[in-house]
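Below is one structure; the comments refer to it alone.
Remember, it's 1-based here, ligands and their atoms both numbered in the order they're listed. Just so you know, these numbers come straight off a predicted model, no measurement behind them.
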Amino acid sequence: MSAQILPSVGSFGVRIAGTGSAVPSQVLSNADLARMVETDDDWIFQRTGIRERRISNPDTEGTYTLSRDALGRAIEAAKIDPNTIDLVICGTCTMEMSCPSTACRISAAVGAKSAAAFDLVAACCGYVYTLNVADALIRSGSYKTIAIVGCDAMSSIIDYTDRGTSILFGDAAGAAILTRDTDRTKGCLYQHMGADGSDWGSLYIPRRQRDIPPQDAENRNQLGKLRMEGREVFKFAVNKFREVIEDAMAKTSLGVNDIGQVICHQSNVRIIDAARERIGFDREQVYVNIDRFGNSSAGSVGLCFDQLWKAGKVPCEKPVVFVAFGGGLTWASSVWQL
Ligand code: COA
């Protein structure tokens, strides 16, 4: 079927001027984990597609340093003066401090002196939510240039005695500079964001004892560390992932062959493969780097996008679909003509 691109909403188009990413240098392999908990490389790879992930040095690295570095690289790639950035949005659920926001600190660090700044919490949907919010604000004419960052230092909230969560997660940041364009056909063609708070207890980070729901009382993970009902989240994710992509395709009248690239949250390769096979995408249409970086929550989509962009593999002639789901529970899609 030929692509029927929806007419852009608003008076302006939106262009991605540059991207950047950052990961810690320390690699935590499946073999390393097998020395920490009862697991092995085969089990982890078969069930998740992960071989290794990056983790921060807790003394020197974390959400602030990773998002600062990713943003700095995106500014460099976009070749812009940081003073021209009007707004910085950082999607994260692992901010070191809730006040000040990560966005405020990284704006100062990169010299974005005229920018407003805030953090946005949507767990693994952090990058796609910020992308959608930024596109809408630029299209409306209120802002000209917005820097977005998706970043999570998951190692700071993982209990490394829990084999159910420690095998999945890693740390990463991805950033992009979005700017107004006179071509109204450029930018987001369709976006969707959703949430269902009724099932929050399947993936959460309790601060206090009273945050813990009765059904999770037996969980021995420390306070401040991630708790997850892996099987429940798997069931939700496998269905939602496919639904969200199919909804985006239906609303834009795009068929499988009309889409250049699907850039998706790296949760578990079985979840990605199930949706890819069911919808009928070729392997090359759906980028996967989970084998090397694990699930980096809000960092994953931006990291994938930056790697594809730098490798010259982001198509300009065909639309790109960004998609994510995660804690909250939340989900989001964003179809772009780059
Ligand atoms: N190593 C070895 N064995 C493990 C293990 C590990 N790391 N974790 C669990 N097991 C064992 C279980 O104890 C269980 O043993 P049993 O059959 O004797 O009871 C068995 O393996 C199967 O456990 P189960 O939890 O059903 O495994 P699974 O196939 O669901 O895989 C996850 C577990 C966490 C990998 C999977 O549920 C998952 O990926 N869920 C989605 C998580 C996700 O995407 N979260 C982020 C959302 S953004």
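Checking Ser267 against Asn295 by side-chain atom types alone, no donor-acceptor pair falls below 3.5 Å. Side chain to side chain, Asp162 and Thr165 meet the donor-acceptor criterion of an N or O pair below 3.5 Å. Counting only N and O atoms by type, the side chains of Asp152 and Ser296 include no donor and acceptor under 3.5 Å apart.
Taking atom 47 (C) of ligand 1 as the reference point, the nearest protein heavy-atom neighbour is Val233 CG1, 3.6 Å. For atom 46 (C) of ligand 1, the nearest protein heavy atom (residue, atom name, distance) is Asn295 ND2, 3.5 Å. Closest protein heavy atom to atom 19 (O) of ligand 1: Arg231 NH2, 4.3 Å. When only non-hydrogen protein atoms are considered, atom 48 (S) of ligand 1 lies nearest to Cys124 SG, 3.1 Å. Protein heavy atom closest to atom 44 (O) of ligand 1, with residue, atom name and distance, is Ser267 CB, 3.6 Å.
Geometrically, ligand 1 and Thr48 share no nitrogen or oxygen pair separated by less than 3.5 Å. In terms of polar-atom proximity, defined here as any N/O pair under 3.5 Å, Thr39 does make such a contact with ligand 1. Below 3.5 Å of separation, one finds an N or O of Gly230 facing an N or O of ligand 1. For ligand 1, the polar-atom distance check finds an N/O of Arg47 within less than 3.5 Å of one of the ligand's N/O atoms.
For Gln191 (side chain) and Ser333 (main-chain N/O), no donor-acceptor pair under 3.5 Å exists by modelled atom type. A donor-acceptor pair is defined here as one N or O able to donate and one able to accept, closer than 3.5 Å; such a pair exists between the side chain of Asn30 and the backbone of Ile50. Judged by distance alone, the side chain of Lys310 and the main-chain N or O of Phe305 form no donor-acceptor pair under 3.5 Å.
Annotation: side chain to side chain donor-acceptor pair (under 3.5 Å) contacts of Thr48 (sequence neighbours excluded): none. The side chain to side chain donor-acceptor pair (under 3.5 Å) test applied to Ser98 returns no partner, not counting sequence neighbours.
Of the heavy atoms in Trp43, only side-chain atoms (C-beta onward) come closer than 4.0 Å to ligand 1. When heavy-atom distances to ligand 1 are checked against a 4.0 Å cut-off, Val37 has no atom that comes that close, whether in backbone or side chain.
The shell of residues lying under 4.0 angstrom from ligand 1, judged by heavy atoms, includes Leu168.
Using cut-offs of 30° and 60° for the angle between ring planes, the Tyr190 and His192 rings count as parallel.
Taking each of Glu38, Arg163, Arg270, Gln46 in turn, the one with a heavy atom nearest to atom 11 (C) of ligand 1 proves to be Arg163.
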